[in-house]
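Keep in mind it's a predicted model, so treat the numbers as computed, not measured.
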Amino acid sequence: PPAAEPPTAPAGAGAALALQRDLITVAKRVFPSVLTVRSFVRKDLAAADATSSGAAAEPEPQSGWVLAPSVEREYPDFAPLSSCSGFFVSDDGDVLTALQPLQTRDGRLADLFEIESTDGQRAIAEVVGIEPTLNLAVLRGAVFTTWEQPTFQPLAFGDSDALELGSLLIGAGDPLGPERFFASGMLVAKPSRDCYQELMSATYMQATMFVPDGAIGGPMLDLDGRVVGILSRIEIEGVGNAVSQGSAWALPSKILQGLYESIREAGTTQSPWLGFSVMSRAEIATVRGFQTFQRMQKPPHGILIENVFEPSPAAAAGVGPDDWLTHFGDVEIHMPVQFQRQLYLAGVGRGVRLRFFRAGETIEKTIVIDKRPPDATPR
């Protein structure tokens with residue numbers, strides 16, 4: 001009999017097939033850089049924590065398969081705590097991930113961390129630094145248990161500012177076990193603010209994508225496979241956990257890249273805090289109106305102090321709303337991300353010299369950076 005004719009694609013399917021090929025290409029490119037991140041605590045501490053929380057000291061007998069995971073044989077004095085996803089961002093093995101799965105119930109860091117690539121290679125990791133307010137951690141592989149000559153395939157950062165509403169985004173993750181996460185969605189809300197000191201959700205971008213818990217900490221990507229954000233969980237005031245409504249939230253690369261570079265350089269493990277929120281000039285024109293911005297008395301460069309928290313180091317120093325921050329030490333400040341970088345590089349406990357513009361006058365103040373107090377958590 002004559003050979004059967006190959007099936008023909010329906011009319012209009014060419015664009016869909018092209019997009020499918022692009023997604024396959026991105027998946028092949030990024031998954032070698034996506035990781036499972038696991039945290040462990042010492043068994044004696046885990047037992048004490050379970051007892052203090054009222055958990056049963058002895059587990060109830062169970063029927064079925066008796067499992068003996070190899071990871072527990074390798075870490076006999078440790079008990080698994082939690083897991084999430086992460087991804088390589090440097091040639092020497094830096095990993096960006098979520099902080100919360102690396103912490104115990106009382107907020108301290110776990111005792112042991114492990115990263116595992118999608119091809120099964122594993123390493124014990126050390127903490128480079130953390131940013132508690134934004135639930136961000138930087139890890140680095142330290143003891144490569146199976147990698148003879150570790151090579152890393154870091155993901156490149158993209159430009160989150162270049163995205164437009166309706167842009168197609170991709171979320172990737174490697175939850176614990178054989179599962180993988182790879183999904184596409186549309187950008188439905190861009191970040192409206194560069195400063196996360198007061199309103200947290202305004203700093204994140206939102207996409208139409210459901211993200212499982214194990215994928216949190218994985219990358220949000222554009223169609224070129226570049227990192228435009230990190231998959232996150234946030235609470236929205238009056239709404240609760242927005243992820244339950246099918247939204248994916250990601251800290252944009254504009255902020256993420258600067259924080260990573262600052263945390264890596266400073267090795268910080270606390271949220272440095274002066275007690276004020278800021279606005280860029282573009283944000284002032286958007287939020288307050290262009291005519292209002294034009295009428296404002298302002299310096300040639302600088303960012304606006306929007307609100308001041310009371311009490312705070314800034315309030316004690318006499319910094320007030322509508323002051324302009326122009327210099328951090330000798331560094332000119334033009335954008336909020338520049339201020340954030342200098343703040344992290346200085347670190348908690350350091351006295352910093354700040355220059356402000358107020359009603360046509362230049363004011364200089366030395367303020368000691370504090371650790372963000374619990375009651376100053378962004379909304």
Heavy-atom pair with the smallest gap, counting every atom of [X] and [Y]:
| X | Y | answer |
| --- | --- | --- |
| Val228 | Leu221 | CG2-C, 3.9 Å |
| Ser232 | Leu251 | OG-N, 3.8 Å |
| Ile369 | Pro272 | CG2-CB, 3.6 Å |
| Val30 | Gly225 | CG1-O, 4.0 Å |
| Ala215 | Pro175 | N-CG, 4.2 Å |
| Phe181 | Phe210 | CE1-O, 3.5 Å |

Whether [X] side chain and [Y] backbone form a donor-acceptor pair below 3.5 Å:
| X | Y | value |
| --- | --- | --- |
| Ser277 | Glu306 | no |
| Ser253 | Ser160 | yes |
| Lys190 | Glu164 | no |
| Thr36 | Leu176 | no |
| Ser39 | Ser82 | yes |
| Gln338 | His334 | yes |
| Thr326 | Arg355 | yes |
| Ser85 | Gly214 | yes |

Answer yes or no: is there a side-chain heavy-atom contact under 4.5 Å between [X] and [Y]?
| X | Y | result |
| --- | --- | --- |
| Asp370 | Ser312 | no |
| Asp330 | Arg353 | yes |
| Phe113 | Val37 | no |
| Val138 | Val95 | no |
| Ile115 | Thr97 | no |
| Val319 | Leu274 | no |
| Phe152 | Asp91 | no |
| Phe88 | Pro32 | no |

Charged N to carboxylate O below 4.0 Å: is that the case for [X] and [Y]?
| X | Y | result |
| --- | --- | --- |
| Arg226 | Asp159 | no |
| Lys365 | Asp323 | no |
| Arg38 | Glu116 | no |

Is [Y] reachable from [X] through a run of I, L, V, M, F, W or Y residues, each pair having side-chain heavy atoms under 4.5 Å apart?
| X | Y | result |
| --- | --- | --- |
| Phe182 | Leu19 | yes |
| Phe357 | Met296 | yes |
| Leu168 | Val188 | no |

Quiz prompt | Other residues, nucleotides, ligands: >12 heavy atoms within 6.0 Å of Gln100 CD | solution = no
Quiz item: Are there more than 12 heavy atoms of other residues, nucleotides or ligands under 6.0 Å from atom CD of Glu364?
Solution: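 Atom CD in Glu364 is packed in, count exceeds 12.
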Practice problem: Evaluate the ring planes of Phe276 and Phe339, with Trp represented by its six-membered ring, and classify them as parallel (under 30°), tilted (30 to 60°) or perpendicular (over 60°). | Solution: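 Taking Phe339 first and then Phe276, their aromatic rings lie parallel (interplane angle under 30°).
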Distance in Å, [X] [atom1] paired with [Y] [atom2], rounded so as to fall on 0.5 Å steps:
| X | Y | atom1 | atom2 | result |
| --- | --- | --- | --- | --- |
| Asp222 | Ile170 | CG | CD1 | 7.5 Å |
| Phe87 | Met220 | CZ | CE | 11.0 Å |
| Leu169 | Thr208 | CG | OG1 | 8.5 Å |
| Thr292 | Arg295 | OG1 | CZ | 4.5 Å |

Practice problem: Please assess Leu354 against Phe328 for the test side-chain contact (heavy atoms from CB on, under 4.5 Å), listing each intermediate value before the final yes or no. | Solution: CA-CA 5 Å; Leu354 305 179; Phe328 195 112; 3.5 Å; yes
Quiz item: Only one of Arg358, Lys298, Arg288 forms a salt bridge (Lys or Arg N to Asp or Glu O under 4.0 Å) with Asp322, so which one is it?
Solution: Arg288
Quiz item: With a 3.5 Å cut-off and no angle check, do the side chains of Arg372 and Thr133 form a donor-acceptor pair?
Solution: yes
Practice problem: Using the side chain to side chain contact (heavy atoms under 4.5 Å, CB included) rule, pick out the option among Asn307, Val287, Ile303, Ile305 that qualifies with Met279. | Solution: Val287
